[in-house]
Number of protein chains: 2
Amino acid sequence: MLTTACKDAIRAMIYIAKKQKNIDNFISIKEIANNLDLSFYFLSKILQKLVKDGFLESYRGPNGGVKLAKPMGDISLYDIILSIDGDDVFTQCILGFKECSDIKPCAVHEKWAPERERLYNLFKDTTLEEIEEEIEKKINIKL
Amino acid sequence: MLTTACKDAIRAMIYIAKKQKNIDNFISIKEIANNLDLSFYFLSKILQKLVKDGFLESYRGPNGGVKLAKPMGDISLYDIILSIDGDDVFTQCILGFKECSDIKPCAVHEKWAPERERLYNLFKDTTLEEIEEEIEKKINIKL
DNA sequence: TTTATTTAAGACTTTATACTCTTAAATCTA
DNA sequence: TAGATTTAAGAGTATAAAGTCTTAAATAAA
């Protein structure tokens, strides 16, 4: 469904958003990697994409790191997925046909197209803000 | 979402089911590969799994090939996906946590778990029989 | 201005998936 | 029985994704 790079990106963004609620500092990638038990090298690569796409702001040097470049409510899971994996999952035919559409459908288009649309809306509507609120409410949440 | 091997498997199974409605012969893998524009070598490999898992019956020699080992109504898209890709897509945490559950959820468990369940039911309920009926009704369907 | 800290960028290695080829085994037909 | 046909099985290759490392650039603080 999602690449591991994309999963890591989402976890990192949730971590950053959670931390940024309290203090507006830059958060070092090293700290994120350590806390989420991810490879610093790999995570650095992934976050560079989110910086390029305008979801993170980065700063070099001591006390440098990354921070959200937009309000939490303006960053959705869809945005992160699009940035890292692309939007194939939300647009592509389940059987891989490039020209599959309502007019020229594949054998399962009628089943899959609405489901794909549903997934799109779900991820588009789920923002970092909403996730943070969910985390606050519950205890025992894995990050 | 699905590997290309799995997509090819589904297309092949739909092709076999469609053909088998009329004649109950074994269908050669070469014929399937030619008609669906797939590599014979690759398709052979894929179909071997479906034979092992009891969804196809195979026969060697002249006029040999493969045919469905069960009624079309008893083979679902879920069965094919499970056989080729495994059921990770229907069971795994979207963020990749192995121990994610209702009791110890990840940050998006509440959003993803019901959706995963929905996808499971959709693919479980969609049988080759149903797909065939859909194909009969429409023209212009890509196989 | 030197040193430490931190991200950026690109090269590199490893692993998994996709894909191909060869040989063996089963079966039919002549 | 010999030859043709077809799947089975396993080895081998190519490509893409995952993961690591090195060097450069920016910045802060001593």
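Each chain gets a letter, A, B and so on, in the order the sequences are listed, and its residues count up from 1. Quick caveat: nothing in here was measured; it's all calculated off a predicted structure.
- Both Asn63(A) and Lys45(A) sit near DNA chain C, but only Asn63(A) has its closest nucleotide nearer the 5' end.
- A perpendicular orientation is assigned to the rings of Phe90(A) and Tyr120(A), their planes being inclined by more than 60° (bins at 30° and 60°).
- Taking atom CG on Leu47(B) and atom C1' on dC19(C), their separation rounds to 15 Å, with Å as the unit.
- Put simply, the side chain of Arg60(B) and the base of dT6(D) share no donor and acceptor less than 3.5 Å apart.
- Within the 4.0 Å cut-off from OP1 or OP2 of dT5(D), not a single side-chain nitrogen or oxygen of Ser28(B) is found.
- Distance CG (Asn25(B)) to C1' (dT6(D)): 15 Å, rounded to an integer number of Å.
- Rounded to an integer number of Å, the gap from CZ of Phe40(B) to C1' of dT6(D) is 7 Å.
- If you take CZ of Phe26(A) and C1' of dT7(C), they are 11 Å apart, rounded to a whole angstrom.
- Ser39(B) comes within contact range of the sugar-phosphate backbone alone, with a heavy-atom separation under 4.0 Å but no base atom that close.
- Using a 4.0 Å heavy-atom distance criterion, Ile29(B) is classed as a sugar-phosphate-only contact.
- Dense packing is recorded around NZ of Lys21(A), with more than 12 heavy atoms of other residues, nucleotides or ligands lying under 6.0 Å away.
- Among dT22(D), dA8(D), dA4(C), the nucleotide with an atom closest to any side-chain atom of Tyr41(A) is dT22(D).
- Of the possible donor and acceptor atoms, one in the side chain of Asn35(B) sits under 3.5 Å from a partner among the backbone N and O of Glu31(B).
- Distances shorter than 4.0 Å separate some side-chain N or O of Thr4(A) from OP1 or OP2 on dA18(D).
- Closest contact between the side chain of Lys52(A) and the listed nucleotides dC21(C), dA9(C), dA9(D) involves dA9(C).
- Residues Pro62(A) and Ala5(A) both approach DNA chain D. Their nearest nucleotides, taken by heavy-atom distance, put Ala5(A) toward the 5′ side.
- To the nearest 0.5 Å, atoms CD1 (Ile10(B)) and CG (Asp79(B)) are separated by 11.0 Å.
- The side chain of Tyr59(A) lies closest to dT27(D) when the candidates are dT27(D), dA8(C), dA26(C).
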